[in-house]
Amino acid sequence: MLLGDNILIKDIPQEERPRERLLRYGAQVLSDAELLAVLIRTGTRSESALVLAQRILKGDGGKSGLAYLIDSTIEELSNIKGIGTAKAVQLKAAVELGRRISSYSWRRQVTITSPLDVKELLMEEMRFLEKEHFKTILLNTKNQVISIEDISVGSLNSSIVHPREVFKPAIRRSSASVILVHNHPSGDPTPSKEDIEVTSRLVNAGNILGIAVLDHIIIGNNSIVSLKEQGLM
């Protein structure tokens, strides 16, 4: 539902207002802008919360939509007319809460049977990250997730992703095997030469320690590549 710049919430029929629509039909039927308007609660004298939400989701010319909301800092949101620090903090808190809920729901008694399970587990958490984040999924003998460990942040290379840092938590948690995961901020999950070299080094280290490296999953923007499926490990 797109509105003109001068439309206020009071000008919208009550049954079509975001809050009332949520109460009547449930949150799942609301658009991104309507959900954002519910969080913002109030607009300005010249525009409604819904118009303000639509303006936020237009982004800054680079990213737009939810990607812009996720990547924006509190300072950037605060500078938007009609937002300010208090609303910016509310929005960033909502984004982080959503990320944690998404992550938590998949970590309960999760069994990894394929790369798609890893995609479901970590895609929403990692797809919009602006730097490369390297994680390990620790598994027990039944391939159930024990924990997900943050290993490093930065360009993937052998100095940052050292076997000592990768396998320390696996040894501490008595993990039977691990899955390596990292994201490509470009959105393209195609493995680089460095990705393949680091994977080979970690597989060899795991063999020495008796902890199998089952796969290395690279996450892009809603797409993944499994180095195991590609025959690259």
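Quick caveat, the model's predicted, so the values are computed rather than measured.
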Heavy-atom pair of closest approach, residues [X] and [Y]:
X      : Y      : value
Ala67  : Phe128 : CB-CE2, 3.8 Å
Leu214 : Ser177 : CD1-OG, 3.5 Å
Pro18  : Leu30  : O-CD2, 3.6 Å
Leu52  : Gly43  : CD2-CA, 4.5 Å
Thr44  : Gly82  : CG2-CA, 3.6 Å
Ala53  : Ala37  : CB-N, 3.8 Å

Task: All salt bridge (charged side-chain N to carboxylate O under 4.0 Å, His left out) counterparts of Asp71, not counting sequence neighbours - done: Lys63

Open item on the list: Under the salt bridge (charged side-chain N to carboxylate O under 4.0 Å, His left out) test against Glu34, which residue among Arg19, Arg21, Arg17 passes?
Closed with: Arg21

Task: Given Glu125, Glu130, Glu124, the one that forms salt bridge (charged side-chain N to carboxylate O under 4.0 Å, His left out) with Arg127 - done: Glu124

Less than 4.5 Å apart, side chain to side chain, heavy atoms only: is that true for [X] and [Y]?
X      : Y      : answer
Arg201 : His162 : yes
Val145 : Ile112 : yes
Met123 : Ile219 : yes
Leu66  : Val95  : no
His184 : Glu132 : yes
Ile83  : Ile40  : yes

Any link between [X] and [Y] through a network of hydrophobic side chains (Ile, Leu, Val, Met, Phe, Trp, Tyr) touching at under 4.5 Å?
X      : Y      : result
Val213 : Leu209 : yes
Val198 : Leu232 : yes
Leu36  : Val29  : no
Val51  : Leu39  : no
Ile80  : Ile70  : yes

Can I get a per-line list of side-chain donor-acceptor pairs under 3.5 Å for residues 163-173, giving both atom names and the distance, sequence neighbours left out?
none

Is a donor on one side and an acceptor on the other found under 3.5 Å between the side chain of [X] and the backbone of [Y]?
X      : Y      : result
Asp117 : Ser114 : yes
Asn183 : Lys131 : yes
Asp215 : Ser226 : no
Ser175 : Leu139 : yes
Ser186 : Asp188 : yes
Thr199 : Asp195 : yes

Quick check for you: to the nearest 0.5 Å, what is the distance between [X] atom [atom1] and [Y] atom [atom2]?
X      : Y      : atom1 : atom2 : value
Leu35  : Leu50  : CG    : CG    : 10.5 Å
Leu22  : Gln28  : CG    : CD    : 8.0 Å
Asn207 : Leu202 : CG    : CG    : 11.0 Å
Leu91  : Ser72  : CG    : OG    : 9.5 Å
Leu227 : Ile179 : CG    : CD1   : 12.5 Å

TODO: State whether the number of non-hydrogen atoms from other residues, nucleotides or ligands found under 6.0 Å of Arg55 atom CZ is greater than 12.
DONE: yes

Task: Criterion side chain to side chain contact (heavy atoms under 4.5 Å, CB included) on Ile137 and Lys135, from CA distance to verdict - done: CA-CA 7 Å; Ile137 302 175; Lys135 299 175 181 284; 6.0 Å; no

Task: Verdict with supporting geometry, Asn222 and Lys119, side chain to side chain contact (heavy atoms under 4.5 Å, CB included) - done: CA-CA 8 Å; Asn222 205 35; Lys119 180 180 180 181; 4.1 Å; yes

Task: Residue pairs fulfilling side-chain hydrogen bond (donor to acceptor under 3.5 Å, both in side chains) with at least one residue in residues 83-94, sequence neighbours excluded - done: Thr42-Lys87

TODO: Over 60° means perpendicular and under 30° means parallel, so classify the ring planes of Phe134 and His182, tilted if in between.
DONE: parallel

Open item on the list: Set out, in order, the CA-CA distance, both residues' side-chain angles and the distance that settles side chain to side chain contact (heavy atoms under 4.5 Å, CB included) for Ile224 and Val118, then state yes or no.
Closed with: CA-CA 9 Å; Ile224 65 170; Val118 177; 5.8 Å; no

TODO: Would you sort out whether Leu138 and Glu149 count as a side chain to side chain contact (heavy atoms under 4.5 Å, CB included), showing the intermediate values?
DONE: CA-CA 8 Å; Leu138 309 187; Glu149 304 289 332; 3.8 Å; yes

- [ ] Would you mind telling me which of Ile196, Val203, Leu180 makes a side-chain contact (heavy atoms from CB on, under 4.5 Å) with Met233?
- [x] Val203

